[in-house]
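Worksheet for the structure shown next.
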Amino acid sequence: MKKFFNEFKEFAMRGNIMDMAVGIIVGAAFTAIVTSLVNDIISPIIGLLVKVDFSDLVLNIVGVDIKYGAFIMAVINFLIVAFALFMVIKAMNRAASLTKKPEAEPEPTTKECPFCKTEIHIEATRCPHCTSELDKAE
């Protein structure tokens, strides 16, 4: 049983698990901020423009309230979060591409026979196809 707990502790303390936990916590805090932005700022501004508070929009069907205004606010909330995540990921990709060094061209391993134009190994001194002797400089 002690071995099981040690393995679990090792798993939980790995860097990627801790990074994921921090990401979830920051994401939850960010979602709370965006929800407040939508409910407390954007919704009243839209309400001023269209003279309707979206959070109060309700459709009553046979005594059942369908709160489609709250759904509209949730969609706006989702779009803002998705846009913010898109911008963050785009910025991270751009930053990663700036720090990435261009890869060097690999050394050629083949060359072309000047006589028969077939591809041969770079260290070959005789072409295996046409049997022509090749200079070392080629």
Side-chain angles (χ1 to χ4, degrees):
M1 192 68 155
K2 187 175 182 179
K3 182 181 176 187
F4 174 77
F5 284 118
N6 286 337
E7 287 177 15
F8 179 75
K9 179 181 168 187
E10 206 173 297
F11 168 76
M13 294 303 163
R14 272 193 211 146
N16 53 0
I17 299 294
M18 298 305 284
D19 292 343
M20 184 182 68
V22 169
I24 289 170
I25 292 167
V26 169
F30 182 72
T31 301
I33 291 170
V34 171
T35 301
S36 175
L37 173 72
V38 170
N39 293 338
D40 301 332
I41 297 174
I42 293 176
S43 179
I45 291 173
I46 293 174
L48 286 173
L49 297 175
V50 295
K51 296 186 177 32
V52 174
D53 185 6
F54 279 112
S55 60
D56 293 337
L57 294 177
V58 177
L59 181 64
N60 190 323
I61 300 176
V62 193
V64 176
D65 288 340
I66 300 173
K67 300 177 182 179
Y68 68 94
F71 176 74
I72 291 171
M73 290 291 95
V75 169
I76 292 171
N77 190 355
F78 168 77
L79 292 174
I80 291 172
V81 170
F83 179 73
L85 284 174
F86 169 74
M87 296 305 289
V88 167
I89 291 171
K90 187 175 177 181
M92 287 176 54
N93 288 342
R94 182 174 292 145
S97 68
L98 291 176
T99 60
K100 187 183 286 186
K101 296 178 182 175
E103 294 181 12
E105 293 263 337
E107 293 284 327
T109 58
T110 60
K111 62 182 177 182
E112 186 176 82
C113 174
F115 301 105
C116 67
K117 303 296 185 196
T118 58
E119 196 171 272
I120 58 175
H121 193 273
I122 195 130
E123 295 176 354
T125 57
R126 185 178 289 267
C127 178
H129 301 286
C130 68
T131 67
S132 300
E133 284 194 41
L134 306 171
D135 293 336
K136 295 259 188 209
E138 293 179 37

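FYI, the numbering just counts along the sequence from 1.
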- [ ] For residues T118 and C127, report the shortest heavy-atom separation together with the two atoms involved.
- [x]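 Between these two residues, the closest heavy atoms are OG1-SG, 3.9 Å.
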TODO: State, to 0.1 Å, how close A124 and L134 come at their nearest heavy-atom pair, and which atoms those are.
DONE: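 Heavy-atom minimum between the residues: O-CD1, 3.9 Å.
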How long is the span from the [atom1] atom in [X] to the [atom2] atom in [Y], to the nearest 0.5 Å?
X	Y	atom1	atom2	value
K67	L57	NZ	CG	12.5 Å
I25	M20	CD1	CE	10.5 Å
L85	M92	CG	CE	10.5 Å
L37	I80	CG	CD1	5.0 Å
H129	K117	NE2	NZ	14.0 Å

Task: Heavy-atom donor-acceptor pair, T31 side chain to G27 backbone, under 3.5 Å - done: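 Indeed, once roles are kept as given, a pair shorter than 3.5 Å links the two residues.
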TODO: Apply side chain to side chain contact (heavy atoms under 4.5 Å, CB included) to I66 and list each qualifying residue two or more places apart in sequence or on a separate chain.
DONE: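 Result, side chain to side chain contact (heavy atoms under 4.5 Å, CB included) vs I66: L59, I61.
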Please check if [X] and [Y] belong to a single hydrophobic cluster, counting links between Ile, Leu, Val, Met, Phe, Trp and Tyr side chain heavy atoms closer than 4.5 Å.
X	Y	answer
M73	F83	no
M87	V81	no
V34	V75	no
F30	I76	yes
L79	I41	no

Open item on the list: Any non-hydrogen side-chain atom of K111 less than 4.5 Å from a side-chain atom of I120?
Closed with: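 K111 vs I120: side chains touch.
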- [ ] Give the intermediate values and the outcome of side-chain contact (heavy atoms from CB on, under 4.5 Å) for residues N60 and D65.
- [x] CA-CA 5 Å; N60 190 323; D65 288 340; 3.2 Å; yes
TODO: Start with the C-alpha gap between E133 and R126, add the side-chain angles, then the distance that decides, and say whether side-chain contact (heavy atoms from CB on, under 4.5 Å) holds.
DONE: CA-CA 4 Å; E133 284 194 41; R126 185 178 289 267; 3.0 Å; yes
Open item on the list: Quick test of your reading: applying side chain to side chain donor-acceptor pair (under 3.5 Å), list the pairs with at least one residue in residues 72-96, sequence neighbours left out, ordered by first then second residue.
Closed with: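 Checked against side chain to side chain donor-acceptor pair (under 3.5 Å) - neighbours excluded - the pairs reaching residues 72-96 are T35-N77.
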